[in-house]
Amino acid sequence: MRKLPSIVLAGGLALAIAAPVAAGVPQRNCPNENSGWNKVDVQGWWDESVDGFAIAGTLVYVGGDPNNGFTAAFDEFAVTFGFTDGEALYDFIVGEQWDSLDANGDGYVCMKAVPINIVNPGYFFQHIDNSAH
(Lines give C-alpha, C1' and ligand atoms only; values in the text may rest on other atoms or scores of the structure.)
Protein backbone atom coordinates (compact mmCIF):
# COMPACT_ATOMS: atom_id res chain seq x y z
CA MET A 1 0.00 0.00 0.00
CA ARG A 2 2.91 2.38 0.60
CA LYS A 3 3.88 2.08 -3.06
CA LEU A 4 0.54 3.48 -4.28
CA PRO A 5 1.12 7.07 -3.01
CA SER A 6 4.61 7.02 -4.54
CA ILE A 7 3.25 5.88 -7.89
CA VAL A 8 0.52 8.54 -7.80
CA LEU A 9 3.07 11.21 -6.85
CA ALA A 10 5.44 10.11 -9.63
CA GLY A 11 2.60 10.15 -12.15
CA GLY A 12 1.56 13.62 -11.01
CA LEU A 13 5.10 14.91 -11.36
CA ALA A 14 5.38 13.43 -14.85
CA LEU A 15 2.19 15.24 -15.88
CA ALA A 16 3.37 18.50 -14.32
CA ILE A 17 6.63 18.31 -16.23
CA ALA A 18 4.95 17.36 -19.53
CA ALA A 19 2.25 20.03 -19.37
CA PRO A 20 4.53 23.04 -20.03
CA VAL A 21 6.14 21.21 -22.94
CA ALA A 22 2.76 20.49 -24.56
CA ALA A 23 1.63 24.07 -23.92
CA GLY A 24 4.74 25.35 -25.68
CA VAL A 25 3.93 23.70 -29.03
CA PRO A 26 3.27 26.57 -31.45
CA GLN A 27 -0.07 26.84 -33.18
CA ARG A 28 0.04 26.30 -36.92
CA ASN A 29 -1.11 29.64 -38.22
CA CYS A 30 -0.53 31.96 -41.12
CA PRO A 31 1.44 35.17 -41.17
CA ASN A 32 -0.38 38.21 -39.86
CA GLU A 33 -3.79 38.62 -41.54
CA ASN A 34 -2.99 42.31 -42.07
CA SER A 35 -0.42 41.14 -44.62
CA GLY A 36 -3.21 39.50 -46.64
CA TRP A 37 -2.64 35.87 -45.60
CA ASN A 38 -5.69 33.91 -44.46
CA LYS A 39 -5.92 30.37 -43.09
CA VAL A 40 -8.36 28.30 -45.15
CA ASP A 41 -9.53 24.72 -45.35
CA VAL A 42 -10.33 22.98 -48.62
CA GLN A 43 -13.83 24.49 -48.73
CA GLY A 44 -12.39 27.96 -48.20
CA TRP A 45 -9.87 27.31 -50.99
CA TRP A 46 -12.71 26.28 -53.31
CA ASP A 47 -14.90 29.24 -52.29
CA GLU A 48 -12.09 31.68 -53.06
CA SER A 49 -11.54 29.92 -56.39
CA VAL A 50 -15.24 30.31 -57.24
CA ASP A 51 -15.00 34.03 -56.45
CA GLY A 52 -11.88 34.26 -58.61
CA PHE A 53 -13.59 32.57 -61.55
CA ALA A 54 -16.46 35.06 -61.21
CA ILE A 55 -14.01 37.98 -61.19
CA ALA A 56 -12.59 36.58 -64.44
CA GLY A 57 -16.10 36.47 -65.90
CA THR A 58 -16.95 32.79 -65.51
CA LEU A 59 -19.82 31.95 -63.19
CA VAL A 60 -19.35 28.50 -61.69
CA TYR A 61 -22.86 27.54 -60.56
CA VAL A 62 -26.18 27.86 -62.34
CA GLY A 63 -27.98 30.71 -60.57
CA GLY A 64 -25.05 30.96 -58.15
CA ASP A 65 -26.33 27.90 -56.27
CA PRO A 66 -24.11 24.79 -55.95
CA ASN A 67 -27.26 22.65 -55.84
CA ASN A 68 -28.02 23.67 -59.44
CA GLY A 69 -24.78 22.28 -60.84
CA PHE A 70 -22.05 23.86 -62.94
CA THR A 71 -22.75 26.36 -65.68
CA ALA A 72 -22.03 25.58 -69.34
CA ALA A 73 -19.52 28.45 -69.23
CA PHE A 74 -17.62 26.78 -66.37
CA ASP A 75 -17.65 23.46 -68.22
CA GLU A 76 -16.21 25.22 -71.29
CA PHE A 77 -13.65 27.00 -69.14
CA ALA A 78 -12.55 23.67 -67.66
CA VAL A 79 -12.15 22.15 -71.13
CA THR A 80 -9.81 24.99 -72.13
CA PHE A 81 -7.52 23.89 -69.29
CA GLY A 82 -7.58 20.24 -70.37
CA PHE A 83 -10.31 18.92 -68.09
CA THR A 84 -13.31 17.00 -69.38
CA ASP A 85 -15.79 19.34 -67.67
CA GLY A 86 -16.37 21.55 -64.63
CA GLU A 87 -16.74 18.56 -62.33
CA ALA A 88 -13.27 17.32 -63.32
CA LEU A 89 -11.78 20.76 -62.62
CA TYR A 90 -13.57 20.88 -59.26
CA ASP A 91 -12.27 17.40 -58.41
CA PHE A 92 -8.73 18.51 -59.27
CA ILE A 93 -8.88 21.70 -57.18
CA VAL A 94 -10.29 20.05 -54.04
CA GLY A 95 -8.32 16.83 -54.57
CA GLU A 96 -4.93 16.68 -56.24
CA GLN A 97 -4.22 20.43 -56.08
CA TRP A 98 -5.31 20.70 -52.44
CA ASP A 99 -3.27 17.67 -51.43
CA SER A 100 -0.15 19.21 -52.97
CA LEU A 101 -0.73 22.48 -51.07
CA ASP A 102 -1.48 21.01 -47.63
CA ALA A 103 2.06 19.72 -47.04
CA ASN A 104 1.55 18.86 -43.37
CA GLY A 105 -1.85 17.25 -43.97
CA ASP A 106 -3.65 19.12 -41.19
CA GLY A 107 -6.41 20.38 -43.47
CA TYR A 108 -5.30 24.03 -43.70
CA VAL A 109 -3.13 26.27 -45.85
CA CYS A 110 -2.41 29.96 -45.89
CA MET A 111 -3.82 31.77 -48.91
CA LYS A 112 -3.21 35.25 -50.24
CA ALA A 113 -4.88 36.95 -53.18
CA VAL A 114 -2.54 38.44 -55.77
CA PRO A 115 -3.22 41.50 -57.89
CA ILE A 116 -5.55 40.91 -60.80
CA ASN A 117 -3.83 41.57 -64.11
CA ILE A 118 -3.22 40.01 -67.53
CA VAL A 119 -1.31 37.13 -65.91
CA ASN A 120 -3.81 36.64 -63.09
CA PRO A 121 -7.43 37.06 -64.11
CA GLY A 122 -8.58 36.49 -60.52
CA TYR A 123 -8.35 32.78 -59.81
CA PHE A 124 -4.66 32.37 -58.99
CA PHE A 125 -3.47 32.75 -55.41
CA GLN A 126 -0.28 32.62 -53.41
CA HIS A 127 -0.16 29.79 -50.91
CA ILE A 128 2.06 28.42 -48.17
CA ASP A 129 1.43 25.61 -45.79
CA ASN A 130 0.48 26.79 -42.33
CA SER A 131 3.13 24.57 -40.73
CA ALA A 132 5.82 27.09 -41.61
CA HIS A 133 4.41 29.64 -39.15
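Because the structure is a prediction, the values reported are computed rather than measured.
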Quiz prompt | Ring geometry between Tyr61 and Phe70 (parallel below 30°, tilted from 30 to 60°, perpendicular above 60°) | solution = parallel

Practice problem: Could you tell me the separation between the OG atom of Ser49 and the CE atom of Met111, rounded to the nearest 0.5 Å? | Solution: 5.0 Å

Quiz item: Closest heavy-atom contact between Ala88 and Thr84?
Solution: CB-OG1, 3.4 Å

Quiz item: Any donor-acceptor pair under 3.5 Å linking the side chain of Asp102 with the backbone of Gly107?
Solution: yes

Quiz item: In terms of hydrophobic clusters joined by side-chain contacts under 4.5 Å, are Leu89 and Val42 together?
Solution: yes

Self-check item: Same apolar cluster (I L V M F W Y, side chains within < 4.5 Å links), Phe124/Val109
Solution: yes

Practice problem: Look up atom CG in Asn104 and atom CG in Asp129, then write down how far apart they are to the nearest 0.5 Å. | Solution: 4.0 Å

Quiz prompt | Parallel, tilted or perpendicular, as decided by the 30° and 60° cut-offs, for the rings of Phe53 and Tyr123 | solution = tilted

Practice problem: Kindly compute the distance separating CD (Gln43) from CD (Glu48), expressed to the nearest 0.5 Å. | Solution: 11.0 Å

Quiz item: Just by modelled atom types, is the Cys110 backbone N or O under 3.5 Å from a matching donor or acceptor in the Asn130 side chain?
Solution: no

Quiz item: What about Trp98 and Ile93, same hydrophobic cluster or not, with Ile/Leu/Val/Met/Phe/Trp/Tyr joined at side-chain heavy-atom distances under 4.5 Å?
Solution: yes

Quiz prompt | Check: Trp37/Gln126 side-chain N/O donor and acceptor closer than 3.5 Å | solution = no

Quiz item: So do Val60 and Thr71 actually touch side chain to side chain, heavy atoms under 4.5 Å?
Solution: no

Quiz item: Hey, what's the ring geometry for Phe77 with Phe81, parallel, tilted or perpendicular (30° and 60° as the breaks)?
Solution: tilted

Quiz item: Any side-chain heavy atom of Ile128 sitting closer than 4.5 Å to one from Cys30?
Solution: no

Quiz item: When rounded to the nearest 0.5 angstrom, what distance separates CZ in Phe74 from CZ in Phe83?
Solution: 9.0 Å

Quiz item: Would you find a donor on one side and an acceptor on the other, under 3.5 Å apart, between the side chain of Thr58 and the backbone of Ala73?
Solution: no

Quiz item: Rounded to the nearest 0.5 Å, what separation is found between the CG atom of Asp85 and the CD atom of Glu76?
Solution: 12.0 Å

Self-check item: Side-chain heavy-atom pair Trp46, Val50 within 4.5 angstrom cut-off
Solution: yes

Practice problem: Spell out, as yes or no, whether a donor-acceptor pair under 3.5 Å connects the side chain of Asp75 to the backbone of Gly86. | Solution: yes

